[in-house]
Amino acid sequence: MTAVTPFAPRQPIADDPLDPGFGVYVHWPFCAAKCPYCDFNSHVRHQPVDQDRFVSAFLKEMETMRRLTGPRTVTSVFMGGGTPSLMRPSTVDAILSGIARQWHMPDGIEITMEANPSSVEAERFRGYRGAGVNRVSLGVQALNDRDLKFLGRLHDVEDALKAIGLAREIFPRMSFDLIYARPNQTVAEWDAELKQAVSYAVDHLSLYQLTIEEGTPFYGLHKAGKLIVPDGEQSAVLYEATQEITAREGMPAYEVSNHARPGAESRHNLTYWRYGDYVGIGPGAHGRLSTGGAKIATATERHPETWLSLVEENAHGMVDQAVLELSEQADELLLMGLRLTEGVDLARWQALSGHDPDPAREQFLIDHGFLERLGNSRLRCTPAGMLILDAVVADLAC
């Protein structure tokens with residue numbers, strides 16, 4: 001296995017990590033096709049979706065969420081899915097206008113929209129930009145047609161490059177996703193593909209290892225021995241190569257799967273990872289809200305049409321609303337914050353947990369090269385620790 005490249009000092013990321021911000025997430029649950037690896041809350045409909053009816057429901061649920069949050073200043077908006085680029089520009093405009101009516105939405109904040117290359121049209125992209133979207137995240141996933149077909153994508157490389165070109169032309173900021181650790185993928189192949197990706201990217205890349213999720217078609221194939229993915233050691237080699245290449249090309253990791261030029265990190269996702277507050281609107285959306293001296297976790301009904309009926313009847317589609325104990329908040333802060341190269345603010349974690357990290361566990365992880373302290377204020381995973389992130393979090397949270 002190759003040596004792990006140390007993280008370079010990189011603080012602060014984008015802005016003050018002690019001010020996580022307040023984000024609004026809107027989930028558009030519909031896709032043109034379901035990818036065989038995907039376990040997201042996405043649904044295929046063979047009849048046109050009644051976008052006007054869904055917009056009305058989004059706006060109604062926003063009103064309910066506004067009563068929970070009180071007045072807040074929005075620092076970012078993210079429209080995810082599903083495939084939000086299947087929405088009409090007028091639908092996006094109505095959603096963003098609704099957010100601005102419920103909360104203070106300053107000019108120039110990050111407003112991101114996910115898009116698939118197969119659903120990209122120049123006129124539609126310009127319509128989204130006119131509605132206020134200033135950052136697009138493209139689900140490219142691979143830069144060769146063989147693997148795009150394997151991943152069940154509806155676009156080919158030509159479509160992907162066209163979409164990237166349009167995004168660079170129309171939006172101030174652009175990111176795209178790639179999936180690696182694909183069957184039979186070599187480090188040399190990934191090196192070449194990733195260098196190509198960096199040359200196309202504006203300022204941000206999301207690079208995810210292929211995972212086999214229960215309930216997906218890939219899971220059944222994998223269980224039957226018909227789909228072989230790289231083992232743990234080979235996946236680790238590919239991960240390490242990812243860190244080395246992106247750092248060398250000026251887009252180092254700031255989170256376990258996300259890479260950006262300094263200052264171009266995703267403001268919205270930083271709110272999640274820094275354990276800030278965010279509202280979740282739409283089918284299957286989750287939220288974390290500070291209200292009445294407590295922090296609550298919200299979750300809405302996943303099935304789109306059921307969610308729609310609930311909102312029309314009750315003014316929201318929430319099916320779960322739980323007050324989080326301080327110990328639960330501390331665990332979530334650790335789980336999210338250790339994904340970042342900036343690590344976790346120790347004083348904040350101590351205030352929630354009521355105690356310091358267990359000295360013996362912390363020292364064990366430090367001695368084995370998985371954890372490090374940044375002065376007396378922050379705790380973070382090393383590059384080696386990122387490879388076993390779940391185990392590090394579990395050990396510290398005990």
Side-chain angles (χ1 to χ4, degrees), residues 1-8 35-40 139-153 157 160 175-201 204-249 251-260 335 338-341 365 368-371 380-395:
M1 188 178 295
T2 58
V4 178
T5 305
F7 288 136
C35 297
Y37 58 84
C38 178
D39 71 337
F40 293 166
V140 171
Q141 313 308 11
L143 287 172
N144 69 75
D145 287 338
R146 178 200 65 198
D147 286 348
L148 285 172
K149 185 176 181 180
F150 160 74
L151 292 168
R153 307 300 285 166
V157 172
S175 177
F176 63 87
D177 300 354
L178 292 177
I179 293 174
Y180 66 99
R182 307 188 292 258
N184 302 313
Q185 187 178 38
T186 67
V187 172
E189 288 171 338
W190 178 230
D191 185 302
E193 188 172 353
L194 192 48
K195 286 176 182 173
Q196 184 184 10
V198 171
S199 74
Y200 296 141
H204 192 285
L205 287 171
S206 296
L207 306 171
Y208 302 108
Q209 287 196 26
L210 177 63
T211 55
I212 306 300
E213 304 291 350
E214 191 169 355
T216 65
F218 272 7
Y219 180 83
L221 290 171
H222 182 66
K223 194 171 182 180
K226 297 178 180 179
L227 173 59
I228 309 298
V229 295
D231 61 20
E233 183 171 348
Q234 180 66 5
S235 292
V237 171
L238 288 164
Y239 174 81
E240 291 162 5
T242 302
Q243 310 316 304
E244 293 166 7
I245 295 162
T246 53
R248 186 171 67 242
E249 298 294 331
M251 297 183 74
Y254 68 99
E255 188 268 348
V256 65
S257 299
N258 285 270
H259 305 254
L335 176 67
L338 284 181
R339 298 179 64 90
L340 290 167
T341 60
L365 292 168
H368 285 78
F370 300 130
L371 199 67
R380 74 172 182 178
C381 279
T382 64
M386 287 291 190
L387 288 168
I388 56 166
L389 180 61
D390 290 346
V392 172
V393 171
D395 208 15

Nearest heavy-atom neighbours spanning [X] and [Y]:
{"X": "L205", "Y": "V198", "answer": "CD1-CG2, 3.9 Å"}
{"X": "L210", "Y": "V229", "answer": "CD2-CG1, 4.0 Å"}
{"X": "G152", "Y": "P36", "answer": "CA-CD, 3.8 Å"}
{"X": "D147", "Y": "A142", "answer": "CB-CB, 4.0 Å"}
{"X": "V392", "Y": "G385", "answer": "CG2-O, 4.0 Å"}
{"X": "F176", "Y": "A197", "answer": "CZ-O, 3.5 Å"}

Using 0.5 Å steps for rounding, measure from the [atom1] atom of [X] to the [atom2] atom of [Y].
{"X": "E193", "Y": "Q196", "atom1": "CD", "atom2": "CD", "answer": "7.0 Å"}
{"X": "I245", "Y": "K195", "atom1": "CD1", "atom2": "NZ", "answer": "6.5 Å"}
{"X": "E249", "Y": "L194", "atom1": "CD", "atom2": "CG", "answer": "8.0 Å"}
{"X": "D191", "Y": "T186", "atom1": "CG", "atom2": "OG1", "answer": "9.0 Å"}
{"X": "T341", "Y": "R380", "atom1": "OG1", "atom2": "CZ", "answer": "6.5 Å"}
{"X": "L207", "Y": "H259", "atom1": "CG", "atom2": "NE2", "answer": "4.5 Å"}

N/O donor-acceptor pair under 3.5 Å between Q185 side chain and A181 backbone: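 Answer holds: yes.
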Ring geometry between F218 and Y37 (parallel below 30°, tilted from 30 to 60°, perpendicular above 60°):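 Judged by the thresholds at 30° and 60°, the geometry between Y37 and F218 is tilted.
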Non-hydrogen side-chain atoms of [X] and [Y] separated by less than 4.5 Å:
{"X": "N258", "Y": "Y208", "result": "yes"}
{"X": "Y180", "Y": "Q209", "result": "yes"}
{"X": "L338", "Y": "M386", "result": "no"}

Trace of the salt bridge (charged side-chain N to carboxylate O under 4.0 Å, His left out) decision for R182 with E189: CA-CA 11 Å; R182 307 188 292 258; E189 288 171 338; over 6 Å; no
